[in-house]
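Here the structure is laid out as structure tokens; the discussion comes afterwards.
Numbers here are sequence positions counted from 1. Predicted model only: the values in this text are computed from it and were never measured.
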Amino acid sequence: MTNYSQGHEAEKVAAEYLKNQSYKVLELNWKRPRAEIDIIAQRKHGPMTFFEVKYRETESQGRGLDYITPKKLKQMSFAAELYVAESHYTGEYCLGAIELTGVGFDVMNCIESIS
């Protein structure tokens with residue numbers, strides 16, 4: 001399995017995890033030039049959350065959440081603001097992250113509000 005296909009599989013597993021946590025998945029792999037959001041989801045009466053999915057088969061090169069750097073947060077924020085503007089969404093929103101690991105794509109962490 002290529003890194004690309006592993007990433008997509010991790011995103012599918014993460015989306016299913018969110019559904020099981022009472023989220024409605026609004027978008028999967030939303031893309032625009034210079035902007036990408038892995039998962040856009042929302043709980044009823046909750047803020048829209050823009051999730052970054054980080055998968056590592058092993059922790060030999062660090063955990064997935066270690067790769068959410070200030071630069072990555074800036075990219076995530078830009079993409080979220082673009083989505084909000086395009087969709088004319090007027091409610092609250094936040095950034096989130098889901099970390100998966102292992103050959104079984106096990107969810108290790110789900111952070112629903114990062115900054």
Taking atom NZ of Lys72 as the centre, does the number of heavy atoms from other residues, nucleotides or ligands within less than 6.0 Å exceed 12? yes

Euclidean distance, [Y] [atom2] relative to [X] [atom1], rounded to 0.5 Å:
| X | Y | atom1 | atom2 | value |
| --- | --- | --- | --- | --- |
| Lys24 | Gln42 | NZ | CD | 9.0 Å |
| Asp38 | Phe51 | CG | CZ | 11.0 Å |
| Thr49 | Ile40 | OG1 | CD1 | 10.5 Å |
| Glu92 | His45 | CD | NE2 | 13.5 Å |
| Glu112 | Leu95 | CD | CG | 13.0 Å |

Between Ala41 and Leu18 the two heavy atoms that sit nearest each other are CB-CD1, 4.2 Å

Nearest heavy-atom approach of Ala14 to Ile98 is CB-CD1, 3.9 Å

With sequence neighbours left out, the residues meeting side-chain contact (heavy atoms from CB on, under 4.5 Å) with Tyr17 are Gln21, Val107, Cys110

Residues passing the side-chain contact (heavy atoms from CB on, under 4.5 Å) test with Leu28, sequence neighbours excluded, are Glu11, Ala15, Ile39

Review point. So, for Tyr83 and Tyr89, is the gap between ring centers shorter than 6.0 Å?
Key: no

In terms of hydrophobic clustering (I, L, V, M, F, W, Y; side-chain heavy atoms under 4.5 Å; direct or indirect links), are Leu65 and Met108 co-clustered?
no

Using distance only, find each side-chain donor-acceptor pair of residues 75-82 under 3.5 Å and give its atom names and separation, not counting sequence neighbours.
unit_1 : atom_1 : unit_2 : atom_2 : d
Ser77  : OG     : Glu81  : OE2    : 3.2

Review point. Going by heavy atoms in the side chains, are Ile37 and Glu27 under 4.5 Å from each other?
Key: no

### Task
Would you check if Asn29 and His8 make a side-chain contact, meaning some heavy-atom pair closer than 4.5 Å?
yes

- prompt: Donor-acceptor pair, Tyr23 side chain versus Glu16 backbone, under 3.5 Å?
  reply: no

Apply the test side chain to side chain contact (heavy atoms under 4.5 Å, CB included) to residues Phe50 and Val84: give CA-CA distance (whole Å), side-chain angles for both, the deciding distance (0.1 Å), then the verdict.
CA-CA 10 Å; Phe50 298 89; Val84 165; 4.0 Å; yes

